[in-house]
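Data first, discussion second: the structure below is written as structure tokens.
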Amino acid sequence: MAATVVLHLQGIRKSYAIGTPAETEVLHGVDLDLARGEFCALMGASGSGKSTLLNIVGLLDRPDAGHVLIDGQDTAGLGEAELTHLRGRAIGFIFQYHYLISAFTALENVMMPMLLERGRANEAMVERARALLDQVGLLPWQNNRATALSGGQQQRVAIARSLALRPSLILADEPTGNLDTKSADGVFSLMRQVNREQGTAVLMVTHNHELAARCDRIVKLVDGRIEAPGAPT
Ligand code: ADP
Ligand code: MG
């Protein structure tokens, strides 16, 4: 596996409610490669399995079959502790509903991944979190609780948090789905800027065709598979 491939998915299959009458296969063999620094939009009808796929790529759920390689490392044989470590080191997450901790300040939220990875807080962590908040334009709001920020600001904090451990891949599930047009544009532009400046690959679920058109590539999930490139839409 070339080092320039951040994500390699091969033959990913996933069913829910296995062994019950409600058993349904959502993903029927998904193949996808993402290059280092590539910004890819993932589109597809509601219920087509986009979130299921992101959870599998994010090592939050396991496929029934197929291979997930992150930075060239096959995750199939890894135990929970190793998956957690790889997830923390290589992958950043941004969700539609930010999942910030509402009782924590912006600064504390950005520090969370570092605290989870390394245990106790130290001055270097605080400095890193401040630098990240500065990067997303929120340093003056560092001591605001998450609930005292606008939706767009909260999503910027989520972006800063996702970058804390310098991931090679960011997974974003409808990160602008809950925002007005102007905030959505600002959040997307920030993600694109981070992607260009730091070479972080991004896989972003979106229903927004204008934003998707500003990505390097659009892939579409149709009937549980990635639509063949070049196929008519
Ligand atoms: P999307 O994100 O594209 O809207 P999802 O991945 O959320 O699609 O869901 C794909 C399909 O899998 C849907 O039919 C959904 O109802 C089903 N599904 C998702 N999660 C679960 C679950 N935990 N248990 C059972 N079915 C699920
Ligand atoms: Mg979804």
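In listed order, ligands and their atoms are each counted from 1.
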Worksheet entry | Candidates I70, V57, L203 - the one meeting side-chain contact (heavy atoms from CB on, under 4.5 Å) with L34 |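 Going through the options one by one, the only one that passes is L203.
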Discussion item. Return the OG1 to CG distance between T105 and N143, rounded to the nearest 0.5 Å.
Written reply: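 So the gap between those two atoms works out to 6.0 Å.
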Worksheet item: To the nearest 0.5 Å, what is the distance between CD (E210) and OG1 (T181)?
Response: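 Going from CD on E210 over to OG1 on T181, the span is 8.0 Å.
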Item to complete: List the atom of R217, the atom of V219, and the distance in Å for their closest heavy-atom pair.
Response: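 For R217 versus V219, the nearest heavy atoms are NH1-CG1, 3.8 Å.
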Worksheet entry | Side-chain heavy-atom pair M125, R118 within 4.5 angstrom cut-off |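 Touching, per the 4.5 Å side-chain cut-off.
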Item to complete: Assign the ring pair Y99 / F95 to parallel, tilted or perpendicular, where the plane angle (0 to 90°) is split at 30° and 60°.
Response: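 It falls in the perpendicular class, over 60°.
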Worksheet item: Quick check: does any side chain N or O of Q153 sit under 3.5 Å from a backbone N or O of S150, one acting as donor and the other as acceptor?
Response: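 At least one qualifying donor-acceptor pair exists.
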Item to complete: Would you check if the side chain of E82 reaches a backbone N or O of G79 as a donor-acceptor pair within less than 3.5 Å?
Response: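 Pair found, side chain donor or acceptor close to backbone of G79.
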Worksheet item: Hey, which protein N/O/S atoms does the Mg ion (ligand 2) have under 2.8 Å?
Response: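 The answer, once waters are left aside, is S51 OG.
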Could you go through ligand 1 and note, for every N or O atom, any protein N or O atom closer than 3.5 angstrom, writing the atom names and distance to 0.1 Å, or 'none'?
from	atom 1	to	atom 2	distance (Å)
ligand 1	2 (O)	S51	N	2.9
ligand 1	2 (O)	S51	OG	2.9
ligand 1	3 (O)	S48	N	3.3
ligand 1	3 (O)	G49	N	3.0
ligand 1	3 (O)	K50	N	2.9
ligand 1	3 (O)	K50	NZ	2.7
ligand 1	4 (O)	G47	N	2.7
ligand 1	6 (O)	T52	N	2.9
ligand 1	6 (O)	T52	OG1	2.6
ligand 1	8 (O)	G49	N	3.2
ligand 1	20 (N)	Y16	OH	3.4

Worksheet item: Is there a salt bridge (charged side-chain N to carboxylate O under 4.0 Å, His left out) between R196 and D216 once you walk through the steps?
Response: CA-CA 11 Å; R196 288 209 165 105; D216 296 318; 5.1 Å; no
